[in-house]
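Heads up: the structure comes next, in structure tokens.
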2 protein chains.
Amino acid sequence: MNSDFVIASHSLVLLANLPDHMANSDTIAENVCTNPARVRKVMSALRKKGFVRTKEGIGGGYILNCNPEKTTLSQIYLAISTGSLKPNWCTGDPDQKCIISSNAQNVMDQIFYESEMHLQSYLNEITISSVLERIKSLE
Amino acid sequence: MNSDFVIASHSLVLLANLPDHMANSDTIAENVCTNPARVRKVMSALRKKGFVRTKEGIGGGYILNCNPEKTTLSQIYLAISTGSLKPNWCTGDPDQKCIISSNAQNVMDQIFYESEMHLQSYLNEITISSVLERIKSLE
DNA sequence: TCATACTGTAACTTTAATATATACAGTTAA
DNA sequence: TTAACTGTATATATTAAAGTTACAGTATGA
């Protein structure tokens, strides 16, 4: 699992909670505890999918561009981390005679793909707002 | 996601398919494409959970000790990779005043825990035998 | 219009995770 | 009693992830 997903979720929750729904990469980076360049990279991906819009120049930053009541972690996962469930390491060898060795990775790929679908159906029940509520309820 | 889960699954499928349900770490390592020491480490964990038993000494190796029709990938995941869905990287800072920064990781932990439960309920539908069938159907 | 404060992105460096290699004690069978 | 195994630890190598730096492009406002 890619931690970009965590950064994206955290950042959107943060924006949702701010009165003007806006913050720059320095502010987000401090809240998330990472560096501004990494935040910009993740936010840039979110912008391309329409979750935020950006304002460049002085007084600029990222502005929430989606309804936090309607936006789910599934959508964020899809935008940021599709395919990250599957490990990079591959099992077996496609060139071996043994069909288990040569086909195991293909079947594992299927299984990871289907797992990811199931994961997404769960994440689809969790909205940005509900994450914010959970955070507030921990106080 | 830990690739040990892939190695464990592949190895059990391989054993299930062998006439005597037995193989040593060299044979498994060659089929899986890794080194024998790694295979032994994974198989040792499977042994501790009763999925295989081992025979040391000459002519020894790993012997399947579970019903492949009944053994699911969920059980294997539980034995080998529990907790591996969650990334190691942590968001926010527990010591910050902002409750989003200080609580985000706790909530993400909850979400990853629940995600893992859902993942397991899906993996619980997949048996070692069904993986073997999928592999054979790819020929 | 020029200095300033932003984003976007790429290249480089550092760190951490993952995988491999090696070694050897313990076990069992011939 | 030797040979072929497992179990496990440790060291090494490789790869992925994260952090750092740098700078071009853009908007704002003095």
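Letters go in sequence order (proteins before strands), and every chain restarts at 1.
- Among residues at least two apart or in separate chains, side-chain hydrogen bond (donor to acceptor under 3.5 Å, both in side chains) pairs with a member in residues 24-34 of chain A are His10(A)-Asn31(A), Asn24(A)-Thr27(A), Ser25(A)-Arg40(A).
- Between the P atom of dT22(C) and the CG atom of Asn35(B) lies a distance of 10 Å, rounded to the nearest Å.
- At whole-Å resolution of the value, CD1 in Ile7(B) and P in dT18(C) are 12 Å apart.
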Q: Mark up nucleotides 8-17 of chain D, 5' to 3', with B wherever a protein heavy atom is under 4.0 angstrom from a base atom, S wherever such an atom reaches only the sugar-phosphate, and - elsewhere.
A: B-------S-
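- Between the side chains of Gln120(B) and Tyr77(B), no donor-acceptor pair is found at a separation under 3.5 Å.
- Residue Met43(B) contributes atom CE, which lies 15 Å from atom P of dC5(D) at whole-angstrom precision.
- Taking CE from Met108(A) and OG1 from Thr91(A), the interatomic distance works out to 8.0 Å, rounded to the nearest 0.5 Å.
- In this structure a side-chain-to-backbone donor-acceptor pair under 3.5 Å is missing from Glu69(B) to Ser129(B).
- Using a cut-off of 4.0 Å between Lys/Arg side-chain N and Asp/Glu carboxylate O, Arg47(A) and Glu56(A) are scored as not salt-bridged.
- Not a single donor-acceptor pair under 3.5 Å links the side chain of Asn2(A) to the backbone N or O of Phe5(A).
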Short heteroatom pairs, N/O only, protein and nucleotides 27-30 of chain C, under 3.5 Å:
from    : atom 1 : to       : atom 2 : distance (Å)
dT27(C) : O4'    : Glu56(B) : OE1    : 2.9
dT27(C) : O2     : Gly57(B) : N      : 3.4
dT28(C) : O2     : Ile58(B) : N      : 3.4

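- Evaluation of the side-chain contact (heavy atoms from CB on, under 4.5 Å) rule for Ser130(B) yields Ile126(B), Thr127(B) as partners, not counting sequence neighbours.
- Rounded to the nearest 0.5 Å, atoms OG (Ser115(A)) and NE2 (His118(B)) are 13.5 Å apart.
- Partners of Lys49(A) by side-chain contact (heavy atoms from CB on, under 4.5 Å), not counting sequence neighbours, listed by chain and number: Phe51(A), Ala79(A).
- Of the possible polar contacts, one joining the Ser84(A) side chain to the Ser81(A) backbone as a donor-acceptor pair under 3.5 Å is found.
- The stretch residues 16-33 of chain A has no heavy atom under 4.0 Å from DNA chain D, so no residue of it qualifies as close.
- For dT20(C), the OP1/OP2 oxygens have a side-chain nitrogen or oxygen of Thr34(B) closer than 4.0 Å.
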